[in-house]
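Everything below concerns the one structure shown next.
Lettering follows sequence order; numbering is per chain, from 1. Below, each value reflects all heavy atoms present in this structure, side chains not excepted, and no hydrogens, waters or symmetry copies.
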Amino acid sequence: MKTTLASLFEHYLQRCSAELFAEYGVELTPHDGESPGSVSDGVAGVIGFAGENIKGSLLLGTTSAVVRSTYPVSTANGAEPGSSALVDWTSELSNQLLGRLKNRLLLHDVSFIMSTPVSLAGDHLRHPKLASANQRSVSLRAPTGIVVVSIEAEVDAGLEFRAEPMQQCDVGVAGEGDVLLF
Amino acid sequence: MKKRILVVDDSASVRQQVGAVLASAGYDVVEAADGVLGGEAIARMPDLALVICDVNMPNMNGIDMVAAAKSDGKNAALPIVMLTTEGQPGLVEQAKKAGAKGWIVKPFKNEMLIAAVRKLVGS
């Protein structure tokens with residue numbers, strides 16, 4: 001991964017995560033402290049992507065409490081969503097996060113196809129220290145816990161991208177919340 | 001009689017979220033979890049007023065589902081709207097060519113979703 005592309009990833013991971021959680025009423029702020037070694041009641045969503053000169057995956061790791069605070073559906077009689085609903089919603093959050101990241105990277109001429117996400121839940125989930133130079137990770141604080149988002153990508157030498165983003169209207173990328181009727 | 005809308009998405013949470021919004025606006029909502037099941041539901045329910053469909057799903061993606069549904073002349077007038085995280089112009093164009101009537105990027109605003117549905121099928 002070229003350094004500048006890596007810095008783009010890091011910038012957009014932080015920005016897109018904060019924007020996405022804000023859509024669901026949760027403020028994320030940068031977390032500079034130690035990330036938790038392992039998390040009880042943890043959840044993680046993973047989604048892959050692949051393009052002509054790039055492939056990799058995005059991981060969103062946090063706690064059930066954080067995911068619960070973003071859950072968009074009011075349950076009958078105010079009951080809290082069950083664990084299977086939270087795991088499903090973690091998948092969807094990782095999907096929406098990668099989609100948002102993709103929409104930003106399209107403005108830099110970086111394009112890929114997204115897979116469908118998977119997620120898991122468990123006690124003592126641990127986010128490993130950076131395992132390779134191609135991994136970028138950001139740690140963010142929500143009112144109810146820490147959110148770690150990381151991306152690991154293999155980038156071919158032939159990948160060219162724009163360091164400065166094009167205008168969204170010039171590229172024609174539809175933005176989050178846009179409604180287009182044909 | 002309430003108008004019936006099919007919501008196709010591999011996320012149960014999203015189906016529930018969209019369903020709750022549409023139900024609050026007076027629509028009857030049925031669900032399917034991927035493109036294959038969505039296609040089967042369309043074939044089974046000739047009274048559908050609208051389909052709202054994700055793009056990236058297992059088994060069959062949403063754009064292929066639209067193309068398959070539209071290949072049957074009985075569904076020519078059935079409006080299908082994509083609801084997805086994707087904003088890539090090439091995908092929007094593919095969906096349009098396949099016969100989709102709209103494209104909404106997640107996360108959606110409830111009032112925008114309802115306005116789009118009302119425009120396509122009425123109250």
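Between N95(A) and K106(B), the shortest heavy-atom distance links the atoms ND2-NZ, 4.4 Å. When all heavy atoms are compared, the tightest approach of L91(B) to K102(A) is CD1-NZ, 4.0 Å. The minimum heavy-atom distance between T85(B) and E92(A), with the atom names listed, is CG2-OE2, 4.5 Å.
L48(B) and V29(B) fall into different hydrophobic clusters, where Ile, Leu, Val, Met, Phe, Trp and Tyr side chains are chained together by heavy-atom contacts under 4.5 Å. In the hydrophobic cluster analysis, where Ile, Leu, Val, Met, Phe, Trp and Tyr join through side-chain heavy atoms closer than 4.5 angstrom, V14(B) is grouped together with L98(A). Placement of F108(B) and M112(B) within a single hydrophobic cluster is found when ILVMFWY residues are connected by side-chain heavy-atom separations under 4.5 Å, directly or transitively. Using a 4.5 Å cut-off between side-chain heavy atoms of Ile, Leu, Val, Met, Phe, Trp and Tyr, with links allowed through other members, Y24(A) and I47(A) fall into the same hydrophobic cluster. Hydrophobic clustering keeps W103(B) apart from V21(B) (ILVMFWY residues linked when any side-chain heavy atoms are closer than 4.5 Å, directly or through intermediates).
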Hey, mind stepping through D88(A) and S13(B) against side-chain hydrogen bond (donor to acceptor under 3.5 Å, both in side chains) and telling me if it holds?
-> CA-CA 7 Å; D88(A) 175 76; S13(B) 301; 2.6 Å; yes

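With chain B as the partner, the residue from S84(A), P117(A), G99(A), S115(A) showing the most heavy-atom pairs under 4.5 Å is G99(A). Contact count versus chain A (heavy atoms, under 4.5 Å) is highest, among A100(B), P79(B), A20(B), P58(B), for A100(B).
Only the backbone of M57(B) comes within contact range of chain A, with heavy atoms under 4.5 Å apart. Within the 4.5 angstrom heavy-atom criterion, only side-chain atoms of L20(A), from C-beta onward, approach chain B. For L120(B), the part lying under 4.5 angstrom from a heavy atom of chain A is the side chain only.
Within 6.0 Å of the NZ atom in K55(A), the count of heavy atoms belonging to other residues, nucleotides or ligands does not exceed 12. Atom CZ of R118(B) has more than 12 heavy atoms from other residues, nucleotides or ligands within 6.0 Å. For CG of L107(A), the number of neighbouring non-hydrogen atoms (other residues, nucleotides, ligands) closer than 6.0 Å is greater than 12.
N56(B) places no side-chain N or O within donor-acceptor distance of the main-chain N or O of T116(A), the cut-off being under 3.5 Å.
The distance from atom OG1 of T84(B) to atom CD of Q96(A), rounded to the nearest 0.5 Å, is 9.5 Å.
Residues of residues 164-182 of chain A that come closer than 4.5 Å to chain B, counting heavy atoms only, are V171(A), G172(A), V173(A), A174(A), G175(A), E176(A), G177(A), D178(A), V179(A), L180(A), L181(A), F182(A), ordered by residue number.
In this structure, the side chains of Q16(B) and W89(A) stay at 4.5 Å or more apart for every pair of heavy atoms.
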